[in-house]
**Student:** 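Structure in structure tokens, see below.
Nothing here was measured: the structure is a model prediction, and the numbers come from that model.
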Amino acid sequence: HFAAALSLKIEGLNIDIFDRHKEILKKLDLPIHYKSGAWEKLYSFMLNDKKRKGAEVRFVSLKNIGQCGRISIPESILREVYANKIGLDS
């Protein structure tokens with residue numbers, strides 16, 4: 001769901017597709033949020049991931065149903081999307 005939220009911000013993913021993606025994950029009982037206090041630990045894992053390039057973390061983006069791409073995201077955008085779409089107040 002983090003990648004979908006990033007795609008919404010960076011790639012202009014249609015909000016209806018974003019919402020559909022979220023509902024599918026919910027129906028499969030998969031997590032769609034992290035606790036707000038989890039950011040530092042989550043970002044630390046991202047920095048150790050093989051998809052990291054320099055100071056940016058790479059994600060597979062969602063452009064449309066059946067269409068994907070790749071995006072590199074700086075920490076400031078990751079933090080913003082986490083705070084606005086993914087993190088929950090604990």
Side-chain angles (χ1 to χ4, degrees):
H1 185 63
F2 205 147
L6 291 168
S7 297
L8 185 67
K9 177 163 181 67
I10 304 296
E11 300 277 59
L13 179 66
N14 181 289
I15 189 70
D16 294 331
I17 295 171
F18 174 79
D19 289 340
R20 183 176 177 192
H21 178 267
K22 183 166 79 172
E23 290 307 314
I24 289 169
L25 293 177
K26 280 179 166 179
K27 285 180 183 180
L28 295 171
D29 202 28
L30 293 170
I32 58 169
H33 293 288
Y34 294 92
K35 290 183 180 178
S36 61
W39 168 250
E40 295 301 326
K41 189 172 186 178
L42 179 62
Y43 185 60
S44 174
F45 286 129
M46 288 181 195
L47 290 178
N48 289 305
D49 190 276
K50 65 183 178 191
K51 295 181 294 295
R52 181 180 61 89
K53 184 175 184 179
E56 295 188 338
V57 180
R58 296 184 284 186
F59 284 82
V60 173
S61 66
L62 306 172
K63 295 182 177 205
N64 205 333
I65 295 173
Q67 295 179 337
C68 62
R70 288 184 290 176
I71 49 177
S72 293
I73 310 292
E75 189 270 340
S76 60
I77 300 295
L78 291 169
R79 184 183 293 271
E80 176 187 338
V81 170
Y82 176 86
N84 295 327
K85 293 280 185 201
I86 303 300
L88 292 175
D89 290 329
S90 49

**Student:** Could you state the interatomic distance from CG (Asn84) to CZ (Arg79), rounded to the nearest 0.5 Å?
**Tutor:** 12.0 Å
**Student:** Do Leu8 and Tyr34 belong to the same hydrophobic cluster, where Ile, Leu, Val, Met, Phe, Trp and Tyr are linked whenever their side-chain heavy atoms lie under 4.5 Å apart, directly or via other members?
**Tutor:** no
**Student:** Counting C-beta onward and ignoring hydrogens, is there a side-chain heavy-atom pair between Ser61 and Lys63 closer than 4.5 Å?
**Tutor:** yes
**Student:** Is the shortest side-chain heavy-atom distance between His1 and Phe18 below 4.5 Å?
**Tutor:** yes
**Student:** Enter the distance from Asn14:CG to Arg20:CZ here, rounded to the nearest 0.5 Å.
**Tutor:** 11.0 Å
**Student:** Before giving the answer on salt bridge (charged side-chain N to carboxylate O under 4.0 Å, His left out), spell out for Arg52 and Glu56 the whole-Å C-alpha distance, their side-chain angles and the decisive distance to 0.1 Å.
**Tutor:** CA-CA 6 Å; Arg52 181 180 61 89; Glu56 295 188 338; over 6 Å; no
**Student:** Within the structure provided, determine whether Leu42 and Phe2 are in side-chain contact (heavy-atom separation under 4.5 Å).
**Tutor:** yes
**Student:** If I take atom CZ from residue Phe59 and atom SG from residue Cys68, how far apart are they, to the nearest 0.5 angstrom?
**Tutor:** 14.5 Å
**Student:** Got a salt bridge between Glu23 and Lys26, using NZ or NE/NH1/NH2 to carboxylate O under 4.0 Å?
**Tutor:** yes
**Student:** Which pair of heavy atoms, one from His33 and one from Ile86, lies closest together, and at what distance?
**Tutor:** ND1-O, 3.0 Å
**Student:** For Arg58 versus Lys53, what's the shortest heavy-atom pair and its separation?
**Tutor:** NE-CB, 3.8 Å
**Student:** If you measure from NZ on Lys9 to CD1 on Ile77, what distance do you get to the nearest 0.5 Å?
**Tutor:** 5.0 Å
**Student:** Salt-bridge test for Glu11 and Arg70: reply yes if a basic N is under 4.0 Å from a carboxylate O, no otherwise.
**Tutor:** no
**Student:** Under 4.5 Å between side-chain heavy atoms, hopping through other hydrophobics if needed: is there a path connecting Val60 to Ile65?
**Tutor:** no
**Student:** Indicate, with yes or no, if Val57 and Ile10 share a hydrophobic cluster defined by side-chain heavy-atom contacts under 4.5 Å among Ile, Leu, Val, Met, Phe, Trp and Tyr.
**Tutor:** yes
**Student:** Salt bridge check, Glu80 against Lys85: does any charged N sit closer than 4.0 Å to a carboxylate O?
**Tutor:** no
**Student:** If you compare all heavy atoms of Leu62 against all heavy atoms of Ser7, which two are closest, and at what distance to 0.1 Å?
**Tutor:** N-OG, 2.7 Å
**Student:** Is any side-chain heavy atom of Phe45 closer than 4.5 Å to a side-chain heavy atom of Asp49?
**Tutor:** no
**Student:** Considering only heavy atoms from C-beta outward, does the side chain of Leu6 approach that of Ile71 to under 4.5 Å?
**Tutor:** yes
**Student:** With the 4.5 Å side-chain cut-off for hydrophobic clustering, are Leu47 and Ile73 part of the same group?
**Tutor:** yes
**Student:** Work out which heavy atom in Asn64 is nearest to a heavy atom in Leu13; give both atom names and the distance.
**Tutor:** N-CD1, 4.2 Å
